[in-house]
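Reckoned from all heavy atoms, side chains included, excluding hydrogens, waters and symmetry mates.
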Amino acid sequence: MEVKIAKTAGFCFGVKRAVDRAYELTDEEKPIYTYGELIHNESVVENLRKRGVKVIHDLHELATLPEGKVIIRSHGIPESDYKTLKEGGFRYEDLTCPFVEKIHKLARDYSKDPDNLIVITGDPLHAEVIGIKGWCLTEPVIIKDVAEAENFHVPEGKRPVILSQTTFNAKNFQLIVEIFLKKRYDSIVLNTICQTTHERQAEADALSRECDAMIVIGGKNSSNTQKLYNICIKNCVDTYYIQTLDDLDPGKFGSFRCVGITAGASTPRKIIEEVRTVMAEKSFDELLEESFKTIHNGEVVEGTVIDVKPDQIILDIGYKSEGIITRQEYSNTPVDLTTVVNTGDKMEAKVLKLNDGEGQVLLTYKRLAAEKGNKKLEEAYENHEVLKAKVSQVLNGGLSVVIDEARVFIPASLVSDTYERNLDKYDGQEIEFVITEFNPRRRRIIGDRKQLLLAKKEEEKKALFERIHVGDTVEGTVKNITDFGAFIDLGGADGLLHISEMSWGHIENPKKVFKVGQTVKCFIKDINGEKIALSLKFPDANPWVDAETKYAPGTIVTGKVARMTDFGAFVELEPGVDALLHVSQIAKEHVEKPSDVLKTGEEVTAKVVDFNADTKKISLSIKALLSDDSDSEDAPAEDSEKTE
């Protein structure tokens with residue numbers, strides 16, 4: 001009998017990550033709780049229970065249990081459950097599959113638009129679907145099969161946004177999408193079925209067509225395993241659904257020439273191997289020989305670290321020879337390898353040479369990482385995803401960042417939304433960017449930080465104009481200073497503080513009053529479209545409010561000479577109030593120019609001879625004071641003469 005095992009059978013990335021971490025946590029601390037069964041596999045759940053892991057089905061149970069850590073399984077949870085955990089002060093480790101997290105973000109983002117109707121294809125009772133539903137801002141529609149899609153009608157004025165449970169049947173998803181398109185709905189289709197799920201289903205479909213019998217291994221509650229079974233039994237009548245080796249009856253397969261084996265995402269590799277061994281009925285020597293797999297140059301292999309030195313890693317890759325990763329093939333950045341890996345760690349690497357000259361297999365980690373990094377960058381490019389990474393190098397003309405050994409170049413023109421002559425300040429700094437060009441063959445992977453900054457500013461600008469009104473007091477930072485005023489950054493837009501609005505008094509040069517970076521509190525005088533006029537001339541500080549009383553004609557005042565012209569001197573009586581001392585009123589004798597007898601900053605006493613409230617003009621006279629003094633001196637003499 002020929003036994004064929006699907007390459008994609010068993011744990012997917014998200015499940016493997018969750019299970020491995022759960023076992024690690026049981027070694028680190030007790031107690032551990034899982035919110036729902038970690039995976040749909042009874043043997044794994046039972047094994048974890050023996051290691052002290054307790055399954056809870058309601059977060060409120062935690063209040064009655066000893067303090068521990070909660071594992072959020074790969075299926076994900078509604079947003080409200082995170083709030084419950086945080087408000088209750090419960091510690092948790094989030095092992096939600098990254099692909100599921102992506103669906104949560106899509107559900108939230110698209111449900112922000114009130115015209116959108118979120119349509120989820122999947123099992124409404126499945127934990128993953130319940131989790132996705134919990135991230136929608138509006139009530140979504142859940143469609144579990146083609147029949148429901150046929151009978152569903154999108155409400156008028158709504159645009160369906162179709163996304164899917166990651167383990168949903170790929171063919172059924174396509175059929176549902178086609179139904180929506182035939183009904184001429186203006187649909188947005190987001191195929192969120194996990195690529196591994198898609199490949200597993202496609203492989204099960206192909207394998208079940210060429211084999212005489214099929215064995216599908218997985219938990220009885222596993223949604224994705226059930227879908228594999230449904231796919232296989234359509235092509236192969238002799239399809240058997242089992243959970244473990246105990247459920248297998250090898251006697252039923254005696255007459256079959258070829259048997260295929262596939263397994264759901266929650267099935268441990270150990271169970272698959274046990275079934276394969278029994279079905280193959282190979283001798284121990286044959287199985288041992290098979291364990292020495294054949295490998296080729298360029299193949300990706302997984303191995304266990306059996307030794308690590310500062311300059312090399314030795315891996316057991318299940319081959320007759322060990323695999324070696326040198327420091328040069330680990331990373332482009334020099335590193336002591338003992339600080340990055342430990343004995344017993346699992347690693348993937350790519351075969352460079354089957355014989356490095358000493359009978360060992362030469363492997364590369366960095367080139368495989370670069371390929372994975374390029375894949376990640378390609379997905380980010382296609383999905384317009386925002387990436388974050390540290391600047392590894394400042395180059396002539398831009399910045400270089402590295403993501404999983406894949407390099408991205410950000411040209412200087414796309415680093416900032418303003419021109420920057422020197423980019424050295426970005427060295428080692430973590431920055432966000434998007435990929436705007438992806439062409440690894442030409443080594444052109446271009447990043448753009450500028451558009452994110454512009455988009456953020458546009459959001460801040462919109463928010464600013466929504467909240468500000470004429471008369472509001474605002475605080476901002478001086479961004480730029482010119483001869484006619486200062487531009488104040490209000491956090492989203494700049495406002496102009498004109499020189500005439502800087503003080504109730506006279507300002508000769510704004511640069512003498514303000515400095516770039518200075519914080520200024522002012523009020524909004526006017527909003528004209530996107531132009532904001534600011535002022536520091538607060539009404540309650542207006543010196544002209546009671547000036548008519550303080551500077552009534554005949555009042556004796558004292559002030560400082562602020563500035564001079566040929567026709568007179570301007571005297572500052574108080575900040576914001578200047579009065580004109582005409583050249584003809586400086587002295588009894590003729591004065592050619594005010595500067596002949598006065599100096600800027602000199603204190604003078606004069607008499608108010610005119611006050612105009614409408615034009616805010618005050619006229620002074622020293623000459624009038626001198627006349628008054630003369631009159632007062634002459635008066636006694638005249639009186640004495642009359643007496644005599």
Side-chain angles (χ1 to χ4, degrees), residues 12-14 75-76 78-79 96-205 223-224 227-228 230-231 265 375-386 434-436 438:
C12 66
F13 161 75
H75 300 97
E79 187 178 20
T96 302
C97 174
F99 297 110
V100 176
E101 287 182 335
K102 179 181 177 181
I103 304 176
H104 291 172
K105 185 176 186 304
L106 290 171
R108 168 167 280 277
D109 289 347
Y110 278 95
S111 62
K112 288 177 181 177
D113 189 336
D115 293 335
N116 288 342
L117 173 67
I118 304 298
V119 178
I120 306 170
T121 61
D123 180 355
L125 300 179
H126 194 279
E128 183 185 320
V129 174
I130 293 171
I132 297 169
K133 180 181 178 182
W135 284 87
C136 296
L137 300 177
T138 54
E139 187 66 23
V141 172
I142 301 172
I143 294 179
K144 65 180 180 181
D145 54 34
V146 173
E148 285 192 358
E150 289 281 10
N151 296 324
F152 178 71
H153 298 284
V154 176
E156 187 175 351
K158 291 290 186 179
R159 177 177 53 239
V161 178
I162 308 172
L163 44 79
S164 176
Q165 178 182 340
T166 57
T167 56
F168 194 65
N169 185 289
K171 287 185 178 180
N172 286 344
F173 177 79
Q174 189 59 42
L175 289 173
I176 291 171
V177 169
E178 288 174 2
I179 290 169
F180 273 71
L181 295 177
K182 285 178 182 177
K183 291 183 179 182
R184 299 188 179 278
Y185 294 135
D186 180 21
S187 307
I188 297 174
V189 180
L190 305 170
N191 188 347
T192 53
I193 295 175
C194 175
Q195 183 61 29
T196 304
T197 297
H198 180 76
E199 291 173 358
R200 183 184 287 113
Q201 291 177 359
E203 191 176 14
D205 183 58
S223 172
N224 71 89
K227 291 180 179 66
L228 291 177
N230 292 339
I231 290 170
K375 182 65 177 175
K376 180 178 180 180
L377 294 177
E378 183 178 14
E379 291 176 355
Y381 169 69
E382 292 174 350
N383 299 325
H384 308 288
E385 180 184 348
V386 177
V434 292
I435 304 298
T436 54
F438 182 79

Taking every non-hydrogen atom, the tightest pair across K144 and P124: CB-CD, 4.1 Å

Looking at every non-hydrogen atom in both residues, tell me the closest pair between F180 and V119 and how far apart they are. CZ-CG1, 4.2 Å

Interatomic distance, C136 atom SG to L117 atom CG [nearest 0.5 angstrom]: 9.5 Å

Between T192 and T166, is there a donor-acceptor pair closer than 3.5 Å when you use the side chain of the first and the backbone of the second? no

d(L125 CG, S223 OG) to nearest 0.5 Å is 10.5 Å

Heavy-atom side-chain contact between L190 and I162 under 4.5 Å: no

Side chain to side chain contact (heavy atoms under 4.5 Å, CB included), that's the test. Do H75 and H126 meet it? Break it down for me. CA-CA 9 Å; H75 300 97; H126 194 279; 3.3 Å; yes

Between F173 and F168, what is the ring plane arrangement, given parallel below 30°, perpendicular above 60°, and tilted in between? perpendicular

Quick check: closest heavy atoms across I143 and E148, and the distance to 0.1 Å? CA-OE1, 3.5 Å

Side-chain (K158) to main-chain (I118) donor-acceptor, under 3.5 angstrom: no

Of all heavy-atom pairs between H384 and V434, which one has the smallest distance, and what is that distance? O-CG1, 4.4 Å

Straight-line distance of D145 CG to L175 CG, nearest 0.5 Å: 11.0 Å

Separation between NZ of K182 and CD of E178, rounded to the nearest 0.5 Å: 6.0 Å

Dump the intermediate steps for side chain to side chain donor-acceptor pair (under 3.5 Å) on E128 and T167, then the final yes or no. CA-CA 9 Å; E128 183 185 320; T167 56; 4.7 Å; no

Between the CD atom in Q201 and the CG atom in N224, the distance rounded to the nearest 0.5 Å is 8.0 Å

Test I231 against N169 for side chain to side chain contact (heavy atoms under 4.5 Å, CB included), laying out the working first. CA-CA 9 Å; I231 290 170; N169 185 289; 3.7 Å; yes

Give me the atom names and distance for the closest heavy-atom approach of A170 to H198. CB-ND1, 3.4 Å

Could you tell me which non-hydrogen atom of I132 sits nearest to which non-hydrogen atom of S164, and how far apart they are? CD1-O, 4.4 Å

Under 4.0 Å between a Lys/Arg side-chain N and an Asp/Glu carboxylate O for K102 and E385? no

Separation of K375 NZ from E379 CD (nearest 0.5 Å): 5.5 Å

The test is side chain to side chain contact (heavy atoms under 4.5 Å, CB included); show your working for R159 and D113 and say whether it passes. CA-CA 10 Å; R159 177 177 53 239; D113 189 336; 3.2 Å; yes

Counting distance only, does the side-chain N/O of Q165 pair as donor-acceptor with the main-chain N or O of D123 below 3.5 Å? yes

Please check if the side chain of K183 supplies one atom and the backbone of F152 the other of a donor-acceptor pair under 3.5 Å. yes

Between N116 and Y110, is there a donor-acceptor pair closer than 3.5 Å when you use the side chain of the first and the backbone of the second? yes

